Amino acid sequence: MATATKKSSAIRLQPLGERIVVQREESEQTTAGGIVLPDSAQEKPARGTIIAVGSGKMLDDGTRAACQLKAGENVLFSSYAGETVEIDDVEYLLMREDDVLAVIE
């Protein structure tokens, strides 16, 4: 009997301009007291890891300002920032560089 296997996708998400791709951290599954939270009650964390960065912001004189962020950095961002994109059952956020509040070192 044949079984279906999931093929790894060759989809690569490359943001344009001043946009970045962020993978959000996993939300807490339990409270400090040990209560297990269902998915609907979990808050989505406003922090994550940058997966890819665009080429930078277009300036008025036609040149591009280099992006201040780099792939691999951990960042804090606004709760309502970005668009959610799901690729191969992995959720990513596509947001502007300006939506990032701070870099976590």
Side-chain angles (χ1 to χ4, degrees):
M1 179 180 230
T3 58
T5 58
K6 186 176 179 181
K7 294 180 182 179
S8 63
S9 175
I11 294 175
R12 187 164 175 259
L13 195 58
Q14 177 61 45
L16 301 176
E18 61 180 300
R19 289 185 167 58
I20 61 172
V21 178
V22 176
Q23 185 173 10
R24 194 186 299 255
E25 286 186 359
E26 295 292 322
S27 57
E28 292 293 323
Q29 302 274 333
T30 59
T31 64
I35 299 171
V36 177
L37 296 172
D39 288 340
S40 60
Q42 294 176 7
E43 290 185 27
K44 293 192 176 193
R47 56 192 305 174
T49 304
I50 297 176
I51 303 300
V53 296
S55 55
K57 187 174 187 173
M58 181 68 76
L59 301 175
D60 292 334
D61 64 359
T63 61
R64 288 208 179 267
C67 189
Q68 295 178 355
L69 303 169
K70 296 180 291 229
E73 289 183 320
N74 293 321
V75 293
L76 292 174
F77 50 86
S78 172
S79 303
Y80 301 104
E83 290 290 320
T84 303
V85 178
E86 190 170 316
I87 298 175
D88 293 336
D89 297 328
V90 179
E91 189 175 288
Y92 299 101
L93 287 172
L94 183 61
M95 66 178 71
R96 293 187 180 276
E97 182 182 12
D98 296 341
D99 292 333
V100 173
L101 304 173
V103 175
I104 303 170
E105 294 186 17

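Index from 1, following the sequence. Just so it is clear, the structure is predicted and the values come from calculations on it, not from any experiment.
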What closest approach, in Å, do P15 and V53 show between heavy atoms, and which atom pair accounts for it?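 What the structure gives for the nearest pair is CG-C, 3.5 Å.
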Least distance between heavy atoms, R24 atom then F77 atom: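 Answer, listing the atom of R24 first, then F77: NH1-CE1, 4.1 Å.
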Q14, CD: over 12 other non-hydrogen atoms inside 6.0 angstrom: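 Atom CD in Q14 is packed in, count exceeds 12.
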Atom CD of E83 and atom CE of M95: how far apart are they, to the nearest 0.5 Å?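 Spacing of CD (E83) from CE (M95) equals 10.5 Å.
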What about L93 and V75, same hydrophobic cluster or not, with Ile/Leu/Val/Met/Phe/Trp/Tyr joined at side-chain heavy-atom distances under 4.5 Å?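 Yes, same cluster.
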Indicate if L16 and V21 have the same hydrophobic cluster label, given that clusters are the connected sets of ILVMFWY residues with side-chain heavy-atom separations under 4.5 angstrom.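 Shared cluster, no.
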For R64, enumerate each residue passing the salt bridge (Lys or Arg N to Asp or Glu O under 4.0 Å) test, keeping only those at least two apart in sequence or located in another chain.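 For R64 there are no salt bridge (Lys or Arg N to Asp or Glu O under 4.0 Å) partners, ignoring immediate neighbours.
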Hey, could you give me each pair passing salt bridge (Lys or Arg N to Asp or Glu O under 4.0 Å) that has a residue in residues 95-105? Not counting sequence neighbours.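 Output for this query lists E18-R96.
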Taking the side chain as every heavy atom from C-beta outward, state whether L13 and I51 have any atom pair closer than 4.5 Å.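 No; the side chains remain at least 4.5 Å from each other.
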Is there side-chain contact between V100 and L76, with heavy atoms separated by less than 4.5 Å?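 They are not in side-chain contact.
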Could you tell me which residues satisfy side chain to side chain contact (heavy atoms under 4.5 Å, CB included) with L59, sequence neighbours excluded, listed by chain and number?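 Partners of L59 under the side chain to side chain contact (heavy atoms under 4.5 Å, CB included) test: D61, T63, A65.
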